[in-house]
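Structure first, then comments.
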Amino acid sequence: SDHYVITSPGFPEPGFRAGDFCQWNIRVSDNKNVFVKFDDFNLSPGSAMSNNITGVDDQCNHTDSLLVLTDVWGVIPLRETRLCGDSLPAHLTSITDTLIIKFNARSNAGRGFMLQYSAFRREPVIEWIEPTTSPSPRPTTTPETTLTP
């Protein structure tokens with residue numbers, strides 16, 4: 001499948017500047033998801049990652065950060081991953097065919113990021129659960145008896 005590359009402004013040298021803001025809206029074919037792999041990641045010193053429902057304050061809110069919305073329904077983001085620091089993040093996958101990435105630089109402290117993304121078809125997960133006990137016998141019913149006076 002095709003891979004596409006996204007980099008922050010000025011990557012890798014001279015790096016991003018305070019006030020840089022970018023947004024990438026990625027949409028792939030129906031019935032496919034977006035896979036994101038980070039090749040380089042260097043924002044503000046330190047490292048942090050938070051997975052949360054949109055609107056919850058976290059440790060990346062007040063520094064250089066990359067916000068990845070992995071579950072978007074129409075225009076409403078339902079799940080976000082906010083990344084900051086200088087540790088290479090884990091791979092991310094979207095829940096739907098849409099993924100939104102927002103970069104917000106508040107300092108001149110890092111070289112930025114480079115990521116690759118591609119479309120893939122997520123296979124449904126089918127799980128077979130073995131019974132732990134033998135099935136109980138079928139209950140027997142007795143016909144009701146009607147009493148007549």
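We number each residue from 1, following the sequence as shown.
When hydrophobic clusters are built by joining Ile, Leu, Val, Met, Phe, Trp and Tyr residues whose side-chain heavy atoms come closer than 4.5 Å, directly or via intermediates, I26 is grouped together with F41. Linking ILVMFWY side-chain heavy atoms closer than 4.5 Å, directly or via other members, places V5 and F38 in two distinct hydrophobic clusters. With hydrophobic clusters built from ILVMFWY side chains whose heavy atoms lie under 4.5 angstrom apart, I101 does not share a cluster with F21. With hydrophobic clusters built from ILVMFWY side chains whose heavy atoms lie under 4.5 angstrom apart, F11 does not share a cluster with W24.
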After noting the C-alpha distance and the side-chain angles of L69 and R79, does the key distance pass the side-chain contact (heavy atoms from CB on, under 4.5 Å) rule?
CA-CA 6 Å; L69 304 170; R79 184 172 306 274; over 6 Å; no
With side-chain hydrogen bond (donor to acceptor under 3.5 Å, both in side chains) as the criterion, how do N104 and S65 come out once you've worked through the C-alpha distance, each side chain's angles and the decisive distance to 0.1 Å?
CA-CA 6 Å; N104 187 10; S65 66; 5.2 Å; no
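A109 approaches N42 most closely through the heavy-atom pair O-OD1, 4.4 Å. Closest of all the heavy-atom pairs between S8 and R111 is OG-O, 3.9 Å. Between N108 and A18, the shortest heavy-atom distance links the atoms OD1-N, 2.6 Å. Contact detail for D20 and P9: the closest heavy-atom pair is OD2-CB, 3.7 Å.
Proximity of a side-chain donor or acceptor of T93 to a complementary backbone N or O of F35 within less than 3.5 Å is not detected. Remark: the backbone N or O of N31 is paired with a side-chain donor or acceptor of R121 at under 3.5 angstrom. Looking at D40, its side chain never comes within 3.5 Å of a backbone N or O of M114 through a donor-acceptor pair. Checked by atom type and distance alone, the side chain of D86 never pairs as donor or acceptor with a backbone atom of L43 at under 3.5 Å. Proximity of a side-chain donor or acceptor of T70 to a complementary backbone N or O of S94 within less than 3.5 Å is not detected.
We find the CG-CG distance between N25 and L99 to be 9.5 Å, quoted to the nearest 0.5 Å.
Between I100 and Q23, some side-chain heavy-atom pair lies under the 4.5 Å cut-off. Taking 4.5 Å as the limit, every side-chain heavy atom of F113 sits out of range of all side-chain heavy atoms of L83. Using a 4.5 Å cut-off on side-chain heavy atoms (C-beta onward), F120 and K32 make no contact.
Using bins of under 30°, 30° to 60° and over 60° for the plane-to-plane angle, the ring pair F16/F103 lands in the perpendicular bin.
The existence of a salt bridge linking K37 and D39 is confirmed by a sub-4.0 Å separation between a basic side-chain nitrogen and an acidic carboxylate oxygen.
The number of heavy atoms from other shown groups lying within 6.0 Å of CZ (R27) does not exceed 12.
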